[in-house]
Amino acid sequence: MKGFTTKVLHTRYSKKDVHGALRFPLYDSVAFEFDNATGIQQAFEGKLPAHTYSRISNPTVEDFEARMRTLTDSRGVVAVASGMAAITNVILALCSAGSNIVSSRHLFGNTISLFEKTLGSWGLEVRYADMNDSSSIESKIDEHTRLLYLESITNPQLEVADISIISACAEKAGVPLVLDGTLTTPFLFRSRDYRVAVEVISTTKYISGGATGVGGVIIDNGLFDWNRSPKVAPLAKQYGQFAFLAKLRREVFRNCGSCMAPHHAWMNTLGLETLALRIQQSCDNAMAVARFLAGQVKVKSVNYPGLSTSGSHAVASAQFKGRFGGLVVFLLEDRAQCFRFIDSLEIIRNATNLNDNKSLIIHPASTIFSEYSVEERMDMGIADNMLRLSAGIEDREDLIDDIQKGLENI
Ligand SMILES: *Cc1c(COP(=O)(O)O)cnc(C)c1O
C-alpha cells in the first residue's frame, strides 16, 4: 500500500483534462451546460454522473473529495463550507425532534452551543457521559439515541479517549459513532481502523495549508449498516451502503446550501499535499515546547498528551502513531499573568485559530468560552489561568526563545 503523501499526490482525476494540466484546474463556475435536454434530464435523475450546479457538486471540489477518500479508504467524502457545517449536516441527516445524542462535556465550544442552543430549540437532546467509562456511556443510551459523538483530542482539555472502547459501545447499541478528527487528521489517526462510522473534520485547521480558507469534510467510513438509522433506512433499499451519502447529497447537504467553495477546495488540495510534512514539524515543535514549559518555575502545570505526566499519554501513544498533535495547554498564576505573557510574545501570535503554519496563542476563558459563566467553564475544564498554544512549523529554537522571553516579562 502506498504512503500518505504519495496517495495524496497521485490520486488521478476522474476525467482527463483537455490540456493535460498536471494540477487539477480551479473550476470557479456555478453552472455546467449539456449538449441536449435529455443529457441534463439524465444528470438530474442521477443516471449520468455529471455536474449541473456547484451547490450540489463541482469538479474541483470533487477532486479534493476524491483525494480525501483515497487517503481514508472510506466509502465517500462530502466537502462542506466549514467544520461546523460538517457537524450540522451529520446531525440533521441522522436526528429528528425527540432524538438524543450521547457525548462528552469536553467539546469544541461552538459544537456545544450548536447542540444545546441551536439544535436544542428544535428538539435535540444532548446527554453527557464520561467517555473513559463504557458503563457511563451505555447508561445514557436509549431507543431515541441516534449517535455517539466525540473528538479525537478534546480542546482545550487535551483528553484522549480510548476510541475502540467507544466504538464497541456504539456497535453494541446499533448507533453510529461520529468523531470530530480535526486535531488529528487522517495523518495521525485512521478513524476507519477504530471502527468510527462517520468522521467530521474542520479543514480550516491543518488541512487548509496555513489558514487559507474555512472548510470541512464529512467522511463515511462505510462501516455502519444504515438500515439501523431510522432517518437513513428508507434510502438504504435504493442506495445500499451509500444511503448516508445519498441522504446528504440528495437532500440535507443540497438543501442546506453548505457547499465548499471551489477555490477553497483547490487550496485544500494544495494543503493536503504538504500535510504530512507540516503536521510532523508542528507535533515535534509542540513536544519541544511542552518539555521546555514543564521545566519552568513560573509555569504551574503543562498539559500535553506527549508528556508522560498526561493521563492521556498511553492511549494517545497507541492511537496516534507516536505523535500527539500541535496543541499545548499550560497554567500560569492568574488571568493577568496570562495576558502579560501573551502581550510580550513576538513570534507567537494572539489569534483564535489552531494548527496554522504560524504558532498561535489564546486565553480560552476570556475568548472562545466567554459566553459561559465561571461555573459552566469550570464544568468544561476551562480555568481562568489557562493558556492554549498551537505550535506552528517555525524553527524550534525561535519558538522556545520567544516563550523564554515572554516568561521573563510576566
Ligand atoms: C475549529 C473546529 C471546529 C469548527 O470548524 P470551522 O471550520 O471553524 O467551522 C470543529 N471542531 C474542532 C475540534 C475545531 O477545532
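Quantities reported herein were computed from a predicted structural model and do not represent experimental measurements. Just so you know, ligand 1 is whichever comes first in the structure, and atom 1 is the first atom listed for that ligand.
In terms of protein heavy-atom proximity, atom 13 (C) of ligand 1 is closest to Asp180 OD2, 3.4 Å. With hydrogens left out, the protein atom closest to atom 9 (O) of ligand 1 is Met84 N, 2.9 Å, a heavy atom.
Looking at ligand 1, you'll find an N or O of Ser202 within less than 3.5 Å of one of its N or O atoms. Note: no N/O pair closer than 3.5 Å links Phe108 and ligand 1 by distance alone. Among the atoms of Lys205, some N or O lies under 3.5 angstrom from an N or O of ligand 1. For the pair Gly83 and ligand 1, the shortest N or O to N or O distance falls below 3.5 Å.
Classification of the Phe189-Tyr194 ring pair by plane angle, with boundaries at 30° and 60°, yields tilted.
A heavy-atom separation below 4.0 Å is found between Gly215 and ligand 1.
Taking every non-hydrogen atom of Thr204 and a distance limit under 4.0 Å, the qualifying atoms of ligand 1 come out as 6 (P), 7 (O).
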Item to check | Audit row: Val78, Asn89, side chain to side chain contact (heavy atoms under 4.5 Å, CB included) steps and yes/no | outcome: CA-CA 10 Å; Val78 180; Asn89 270 273; over 6 Å; no
Next on the checklist: For a side chain to side chain contact (heavy atoms under 4.5 Å, CB included) check, start with the C-alpha distance between Phe24 and Phe64, then their side-chain angles and the critical distance, and finish with the verdict.
Outcome noted: CA-CA 9 Å; Phe24 195 87; Phe64 171 58; over 6 Å; no
Would you tabulate the side-chain donor-acceptor contacts of residues 231-240 under 3.5 Å, counting partners in other chains and residues two or more places apart, or write 'none'?
from   : atom 1 : to     : atom 2 : distance (Å)
Lys231 : NZ     : Leu92  : O      : 2.9
Lys231 : NZ     : Cys95  : O      : 3.0
Tyr239 : OH     : Arg250 : NE     : 3.1

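Annotation: cation-pi geometry satisfied between Arg249 and Phe253 (NZ/CZ under 6.0 angstrom from ring centroid, within 45° of ring axis). Cation-pi geometry between Lys117 and Tyr372 is met: under 6.0 angstrom from the ring centre, within 45 degrees of the axis.
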